[in-house]
Amino acid sequence: MKKIYPLIALVIVLAIAGLYGLDHYRKVREQQQATTAHLITRCVNQGLLSLFVLQANDWNKEPKLLVTETQRLRERVAALPDAVYEGKPYADWQGALEVCDRLTVNSNRQHKTIFRALAEMAKKEIWDLDTAKSEPFQERRKKAIYRSKVAAEAADRYLDDLQSDIKRLLDVSRVSPEARALTDQQLQEHIFQKYRKGRFSKHRVLQYLERQEAFYQLLTDNPKGFTLRGGSLYFYNTKLHRKADDLNRSLLHGEADFFANWRQIVEQ
């Protein structure tokens, strides 16, 4: 009987050690999951901060900001892992790094789709009436208008696309279900409840582009019907002149509103 007591004591000690070990493992896993969620949330936030820089830009003055900001975003996201965590990598962390890398690539691609077209629209030379009859400039104008229509669609659904992109990347990542659930919770609290769709009006943007398209198509279809006098268009046909004049006036009045819309894609 006396021999049993030491065995019972040993079992108790091992049980306590096991429980302590399990509790320690649980705490480590919870901390790892929290760190994983924090990293991904900060990555998403960096992409949105980059968008804010781009949407606030004056594209007439800084047409090359897109290139600069693309590189800045890469650098800021690359610096995040060391700022968030110091220690040995673990499975969720490796998965989070891959998600961040992919998100950064996708954010830069989306920003390029939206703002490259806007930088082109801000180039005064392609809208100069001196080039109204130039075929190369006609092609440039058509491309700028088409890209701006695509950009307007992308700007209008920016946050929805971002949310879908994050979900897709997490679903196929090596991040554990527990860390994914925590990441989703933090994203909702710190990103999607903090930022919201702005007052960007796809309707007004497309309306302006349609008028721009109609005006230059009118010039393209009637190359011998007008001439340039003193920097202004002169049409030989009164009806044609009135139509072009109305379109041009609406473009001049709508230009400021067109560019202002792009400053309101996302707001806090």
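Since this is a predicted model, take the numbers as computed values, not measurements. One-based numbering along the sequence shown.
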### Task
Hey, could you give me each pair passing disulfide (SG to SG under 2.5 Å) that has a residue in residues 67-126? Not counting sequence neighbours.
Cys43-Cys100
### Message
For Glu69, give me all partners under side chain to side chain contact (heavy atoms under 4.5 Å, CB included), at least two apart in sequence or on another chain.
### Response
Ser50, Val53, Leu54, Arg72, Arg76
Using a 3.5 Å cut-off and no angle test, enumerate the donor-acceptor pairs between side-chain atoms of residues 114-123 and protein atoms at least two apart in sequence or in another chain.
residue: Glu120; atom: OE1; partner: Lys123; partner atom: NZ; Å: 3.1

### Summary
Here the gap from Arg42 atom CZ to Ile191 atom CD1, rounded to the nearest 0.5 Å, amounts to 11.0 Å
### Query
For residues 110-140, which residue pairs qualify under disulfide (SG to SG under 2.5 Å), counting only residues two or more places apart or in two chains?
none
### Query
By side-chain hydrogen bond (donor to acceptor under 3.5 Å, both in side chains), which residues pair with Asp246, not counting sequence neighbours?
Arg249
#### Entry: Separation of Arg211 CZ from Leu247 CG (nearest 0.5 Å)
8.5 Å
### Query
To the nearest 0.5 Å, how far apart are OG in Ser201 and OH in Tyr208?
14.5 Å
### Query
Is a side-chain N or O of Arg263 found less than 3.5 angstrom from the main chain of Ala56, in a donor-acceptor match?
yes
### Query
If you round to the nearest 0.5 Å, how far is CD1 of Ile166 from CG of Leu169?
8.0 Å
### Message
Just by distance, no angles: are the side chains of Ser134 and Gln138 close enough, under 3.5 Å, to form a donor-acceptor pair?
### Response
no
#### Entry: From OG1 (Thr41) to CD (Gln188), nearest 0.5 Å
10.0 Å
### Query
So, Asn261 side chain and Phe200 main chain: donor-acceptor pair closer than 3.5 Å or not?
no
### Query
Strictly by modelled atom types, are Asn106 and Gln110 linked by a side-chain donor-acceptor pair under 3.5 Å?
no
### Query
Linking I/L/V/M/F/W/Y whenever their side-chain heavy atoms sit closer than 4.5 Å, directly or via other members, would Tyr85 and Leu103 fall into one cluster?
no
### Message
Strictly below 4.0 Å, N to O, side chains only: are Glu267 and Lys194 in salt-bridge contact?
### Response
no
### Task
Report the C-alpha separation of Glu255 and Arg204 in whole Å, then their side-chain angles, then the decisive distance to 0.1 Å, and conclude whether the salt bridge (charged side-chain N to carboxylate O under 4.0 Å, His left out) test is met.
CA-CA 11 Å; Glu255 183 178 2; Arg204 288 205 299 271; over 6 Å; no
### Message
Against Glu213, only a single residue in Lys143, Lys149, Lys142 fulfils salt bridge (charged side-chain N to carboxylate O under 4.0 Å, His left out); can you say which?
### Response
Lys149
## Note on the structure
d(Asp92 CG, Ile40 CD1) to nearest 0.5 Å is 8.5 Å
### Query
Do the rings of Trp127 and Tyr216 sit parallel, tilted or perpendicular, given the 30° and 60° boundaries?
tilted
### Residue pairs involving residues 165-174 (criterion salt bridge (charged side-chain N to carboxylate O under 4.0 Å, His left out); sequence neighbours excluded)
Glu98-Arg174, Asp165-Arg168, Lys167-Asp171
